[in-house]
Amino acid sequence: MTGKSLLIELVLPVLILLMLTLVFRMSDIDMQLARYCYTPEEGWRFKDFWLWQLLYQRGMIPGVIIGVISLGGLLVGWKLSQVRRQWRSYLLLFLLLAIGPGLLVNSVFKDHWGRTRPKHVIEFGGHLPFLKVWERGEPGASKSFPSGHASIGFYVIAPYFVLRKRRKKLACGFLFGGTLYGALMGAGRLAQGGHFPSDVLWA
């Protein structure tokens with residue numbers, strides 16, 4: 001990886017993430033966007049919209065399929081030489097799923113960070129105070145940070161990293177498609193009162 005590509009692919013995204021996090025910390029954007037989805041009379045007024053229900057119940061399938069294919073490639077690769085040549089690609093895809101949405105998001109942070117979900121916030125009929133992004137709450141009391149559904153949605157980006165040199169158009173399709181899909185998964189969870197926008201950002 002050259003210095004220029006390192007800047008574009010690693011340093012720049014991290015800087016953008018930190019800048020946006022600072023914006024969320026210094027403003028009321030999380031609550032403002034959540035208020036748009038909630039009314040005292042109706043509650044979370046978009047929570048039963050068919051698309052959000054579908055994504056909540058079945059939205060993990062594309063990411064799971066990529067993970068199963070990568071695991072299958074690793075297992076079959078020991079016997080088929082053609083597949084064995086791509087074992088690093090399959091390993092990367094599998095580890096991205098296992099460590100990202102699997103370990104970091106759902107085990108380390110969601111179970112132990114304790115950020116309040118929108119539907120549990122006092123202002124929205126809940127019983128817990130609002131916590132800003134990276135503000136820690138009581139572990140297990142609520143599991144808002146970060147969004148598990150959005151994280152496996154964004155995982156659909158993963159094939160970009162193994163295809164970008166030999167199949168650029170297909171790789172770009174995964175990059176943009178995965179970004180949009182993760183954002184859509186996050187929008188659904190926001191509409192249902194499950195997560196704040198900053199939870200989706202960190203997913």
Side-chain angles (χ1 to χ4, degrees), residues 13-64 97 100-157 175-203:
V14 170
L15 287 176
I16 293 172
L17 175 63
L18 293 177
M19 289 174 62
L20 290 174
T21 301
L22 185 61
V23 171
F24 277 105
R25 288 280 299 187
M26 297 178 66
S27 70
D28 195 37
I29 296 176
D30 267 333
M31 287 293 284
Q32 286 178 5
L33 292 176
R35 287 187 190 102
Y36 174 74
C37 301
Y38 177 88
T39 64
E41 299 78 22
E42 301 176 83
W44 298 96
R45 52 183 177 159
F46 304 120
K47 66 182 177 66
D48 294 324
F49 181 54
W50 68 270
L51 180 58
W52 305 144
Q53 288 290 332
L54 179 64
L55 288 173
Y56 180 72
Q57 296 170 8
R58 301 284 187 265
M60 298 83 71
I61 292 176
V64 171
L97 177 62
L103 180 63
L104 290 178
V105 173
N106 285 294
S107 296
V108 174
F109 281 101
K110 285 177 70 69
D111 287 347
H112 298 95
W113 198 258
R115 188 188 187 193
T116 312
R117 292 183 186 272
K119 62 185 178 182
H120 296 154
V121 169
I122 294 170
E123 289 88 337
F124 302 133
H127 61 286
L128 295 172
F130 167 69
L131 300 174
K132 291 198 171 187
V133 61
W134 279 108
E135 195 172 349
R136 195 167 186 177
E138 182 182 347
S142 201
K143 300 180 179 182
S144 189
F145 181 80
S147 169
H149 278 75
S151 70
I152 199 167
F154 286 123
Y155 170 71
V156 176
I157 295 171
L175 176 62
F176 292 109
T179 301
L180 290 174
Y181 189 61
L184 190 64
M185 290 274 279
R189 296 302 289 134
L190 171 62
Q192 294 172 323
H195 291 284
F196 289 104
S198 56
D199 297 322
V200 178
L201 173 68
W202 273 92

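None of these values were measured; they are calculated from a predicted model.
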Do [X] and [Y] make a side-chain contact, defined as non-hydrogen atoms from C-beta onward lying under 4.5 Å apart?
X: Leu33; Y: Ile29; answer: yes
X: Val121; Y: His127; answer: no
X: Arg115; Y: Phe196; answer: yes
X: Thr116; Y: Ser144; answer: no
X: Tyr181; Y: Leu55; answer: yes
X: Gln192; Y: Trp44; answer: no

Verdict with reasoning, Val200 to Leu190, per side-chain contact (heavy atoms from CB on, under 4.5 Å): CA-CA 9 Å; Val200 178; Leu190 171 62; 5.8 Å; no
Trace of the side-chain contact (heavy atoms from CB on, under 4.5 Å) decision for Thr179 with Val156: CA-CA 8 Å; Thr179 301; Val156 176; over 6 Å; no
Test item: His112 side-chain N/O and Ser107 main-chain N/O as donor-acceptor pair under 3.5 Å: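 Judged by distance alone, yes, a pair lies under 3.5 Å.
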Short side-chain to backbone donor-acceptor contact, Arg189 and Pro197, under 3.5 Å: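 No, because the side chain of Arg189 does not come within donor-acceptor range (under 3.5 Å) of the backbone of Pro197.
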Spacing of [atom1] belonging to [X] relative to [atom2] belonging to [Y], to within rounding of 0.5 Å:
X: Ser147; Y: Ile152; atom1: OG; atom2: CD1; result: 11.0 Å
X: Lys143; Y: His195; atom1: NZ; atom2: NE2; result: 11.0 Å
X: Ser142; Y: Arg117; atom1: OG; atom2: CZ; result: 5.5 Å

Asn106 vs Asp111, side-chain contact (heavy atoms from CB on, under 4.5 Å): CA-CA, chis, key distance, verdict: CA-CA 7 Å; Asn106 285 294; Asp111 287 347; 6.0 Å; no
Restricting to non-hydrogen atoms, name the atom on [X] and the atom on [Y] that form the minimum distance, rounded to 0.1 Å.
X: Ala187; Y: Trp52; result: CB-CH2, 4.1 Å
X: Pro118; Y: Gly193; result: CD-O, 3.4 Å
X: Ser151; Y: Ala203; result: N-CB, 3.7 Å

Can you give each donor-acceptor pair under 3.5 Å made by side-chain atoms of residues 35-43, sequence neighbours left out, with the distance rounded to 0.1 Å?
| from | atom 1 | to | atom 2 | distance (Å) |
| --- | --- | --- | --- | --- |
| Arg35 | NH1 | Asp28 | OD2 | 3.0 |
| Tyr38 | OH | Phe124 | O | 3.3 |
| Thr39 | OG1 | Glu42 | N | 3.0 |

Lys110, NZ atom: more than 12 neighbouring heavy atoms under 6.0 Å: yes
Glu123 CD: over 12 foreign heavy atoms closer than 6.0 Å: yes
Plane angle bin for Phe109 and Trp113 - parallel if under 30°, tilted between 30 and 60°, otherwise perpendicular: tilted
Test log, rule side chain to side chain donor-acceptor pair (under 3.5 Å), inputs Trp202 and Thr21: CA-CA 9 Å; Trp202 273 92; Thr21 301; 3.0 Å; yes
Partner residues of Phe176 under the ring-ring contact (aromatic ring centres under 6.0 Å, His included) criterion, sequence neighbours left out: none
Show the atom names and distances, to 0.1 Å, of all donor-acceptor pairs under 3.5 Å that link a side chain in residues 128-135 to residues at least two apart or in another chain.
| from | atom 1 | to | atom 2 | distance (Å) |
| --- | --- | --- | --- | --- |
| Lys132 | NZ | Arg25 | O | 2.7 |
| Lys132 | NZ | Ser27 | O | 3.1 |
| Glu135 | OE1 | Lys132 | N | 2.9 |

Candidate pair Tyr56 and Leu51, rule side-chain contact (heavy atoms from CB on, under 4.5 Å), full reasoning: CA-CA 8 Å; Tyr56 180 72; Leu51 180 58; over 6 Å; no
